[in-house]
Amino acid sequence: MSFLSRIFGSRKAASPESGSQSRSAQAQTIAHFKEFAASREGCEAFIEPATRVTQTTMVLVAGSGEWTRRKVPDEVAARKVATQLGVPAFDVNLSGYPSRMREWNETHRKPL
């Protein structure tokens, strides 16, 4: 069982998205989250559920408030990634976003 299969699970039925591009995208997502968490202190994961418009996403928020967001297959996969990274995971519908994230956005907002 490969690393990606353990994180994202394996699909029995082949779908158009289950090709090498999908695996490559998953690997890039994991690599991005690992780099972000390793280079910043106090990271926490916030899982955003799927909506009619977007799929499930995970936001990593550093202690400074800096953040990054990426798509994930589902909540189970997001929790596995958070566990692999060693960061706590929260359901954003239950906890909301941390105030440090909003504060960071305010100080780093680009002028129009």
Side-chain angles (χ1 to χ4, degrees):
M1 180 179 275
S2 74
F3 174 73
L4 292 176
S5 294
R6 284 180 287 181
I7 298 275
F8 291 106
S10 59
R11 295 182 182 167
K12 294 185 181 193
S15 70
E17 296 177 6
S18 66
S20 62
Q21 283 185 332
S22 179
R23 279 185 232 114
S24 173
Q26 289 174 356
Q28 288 174 356
T29 296
I30 291 170
H32 175 76
F33 280 146
K34 280 185 177 182
E35 186 279 323
F36 188 89
S39 63
R40 292 155 182 89
E41 291 190 24
C43 286
E44 296 175 325
F46 293 86
I47 302 167
E48 301 171 319
T51 66
R52 290 182 180 192
V53 180
T54 63
Q55 76 178 67
T56 304
T57 55
M58 186 167 90
V59 179
L60 277 187
V61 182
S64 65
E66 185 178 359
W67 59 274
T68 187
R69 174 184 286 122
R70 293 290 186 269
K71 295 179 195 177
V72 291
D74 54 31
E75 182 182 348
V76 173
R79 291 195 181 278
K80 286 181 183 178
V81 171
T83 300
Q84 189 76 21
L85 296 173
V87 300
F90 303 97
D91 181 334
V92 79
N93 283 340
L94 300 175
S95 67
Y97 296 100
S99 59
R100 67 181 184 274
M101 181 180 172
R102 288 186 292 278
E103 292 163 3
W104 189 90
N105 285 340
E106 286 295 320
T107 60
H108 292 84
R109 180 171 285 155
K110 295 179 182 175
L112 296 176

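Here the structure is a predicted model, which is why all the values come from computation and not from measurement. The figures that follow rest on heavy atoms only: side chains count, while hydrogens, waters and symmetry mates do not.
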Undergrad: Do Leu85 and Phe36 sit in one hydrophobic cluster, given that two such residues count as connected whenever their side-chain heavy atoms are within less than 4.5 Å of each other, even indirectly?
TA: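 Yes, it is one cluster - the side chains of Leu85 and Phe36 are joined through contacts under 4.5 Å.
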Undergrad: Less than 4.5 Å apart, side chain to side chain, heavy atoms only: is that true for Asp74 and Lys80?
TA: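 No, every pair of side-chain atoms sits at 4.5 Å or beyond.
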Undergrad: Test: salt bridge (charged side-chain N to carboxylate O under 4.0 Å, His left out). Region: residues 44-64. Which pairs qualify, not counting sequence neighbours?
TA: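 Checked against salt bridge (charged side-chain N to carboxylate O under 4.0 Å, His left out) - neighbours excluded - the pairs reaching residues 44-64 are Glu44-Arg100, Glu48-Arg69.
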Undergrad: Should Val61 and Phe46 count as side-chain neighbours, where that means a heavy-atom distance under 4.5 Å?
TA: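 Of all side-chain heavy-atom pairs linking Phe46 with Val61, at least one is under 4.5 Å.
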Undergrad: Could you tell me if the side chain of Thr29 sits less than 4.5 Å from the side chain of Val81, heavy atoms only?
TA: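 Sidechains of Thr29 and Val81: no contact.
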Undergrad: May I have all residue pairs that pass salt bridge (charged side-chain N to carboxylate O under 4.0 Å, His left out) and include part of residues 54-67, sequence neighbours excluded?
TA: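 Residue pairs passing salt bridge (charged side-chain N to carboxylate O under 4.0 Å, His left out), neighbours aside: Arg40-Glu66.
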Undergrad: Sequence neighbours excluded, which residues qualify as side chain to side chain donor-acceptor pair (under 3.5 Å) partners of Glu103?
TA: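 With sequence neighbours excluded, Glu103 shows a side chain to side chain donor-acceptor pair (under 3.5 Å) to no residue whatsoever.
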Undergrad: Given the rule that I, L, V, M, F, W and Y join up when any side-chain heavy atoms are under 4.5 Å apart, are Phe90 and Val92 in one cluster?
TA: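 Linked within one cluster.
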Undergrad: Hey, what do you get for CH2 (Trp67) to CG (Asn105), rounding to the nearest 0.5 Å?
TA: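 The CG atom of Asn105 is 6.0 Å from CH2 of Trp67, to the nearest 0.5 Å.
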Undergrad: Taking only residues two or more places apart in sequence or in another chain, which ones pass side chain to side chain contact (heavy atoms under 4.5 Å, CB included) with Thr83?
TA: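 Scan of Thr83 (side chain to side chain contact (heavy atoms under 4.5 Å, CB included), adjacent residues dropped) gives none.
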Undergrad: If the condition is side chain to side chain contact (heavy atoms under 4.5 Å, CB included), which residues does Ser39 pass it with, not counting sequence neighbours?
TA: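 With sequence neighbours excluded, Ser39 shows a side chain to side chain contact (heavy atoms under 4.5 Å, CB included) to Glu35, given in chain and number order.
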Undergrad: Testing the basics here: between Ala37 and Cys43, what is the closest heavy-atom pair and its distance to 0.1 Å?
TA: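 Scanning both residues completely, I find the closest heavy atoms to be CA-SG, 3.8 Å.
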Undergrad: Thr56: what forms a side chain to side chain donor-acceptor pair (under 3.5 Å) with it, not counting sequence neighbours?
TA: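 Thr56 satisfies side chain to side chain donor-acceptor pair (under 3.5 Å) with no other residue.
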Undergrad: Is the closest side-chain heavy-atom distance between Leu60 and Val87 below 4.5 Å?
TA: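 Leu60 vs Val87: side chains touch.
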Undergrad: The test is side chain to side chain contact (heavy atoms under 4.5 Å, CB included); show your working for Arg79 and Asp91 and say whether it passes.
TA: CA-CA 10 Å; Arg79 291 195 181 278; Asp91 181 334; 4.2 Å; yes
Undergrad: Evaluate the side-chain proximity of Phe33 to Met58: yes if any heavy-atom separation is below 4.5 Å, no if none is.
TA: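 The answer is yes; the side chains approach within 4.5 Å.
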Undergrad: Less than 4.0 angstrom from a charged side-chain N to a carboxylate O is my criterion; do Arg102 and Glu106 meet it?
TA: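 Here Arg102 does not pair with Glu106 in a salt bridge, since their nearest N and O are not under 4.0 Å apart.
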Undergrad: I want to check something: taking the side chain as every heavy atom from C-beta on, are Asn93 and Pro49 in contact at a cut-off of under 4.5 Å?
TA: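 Of all side-chain heavy-atom pairs linking Pro49 with Asn93, at least one is under 4.5 Å.
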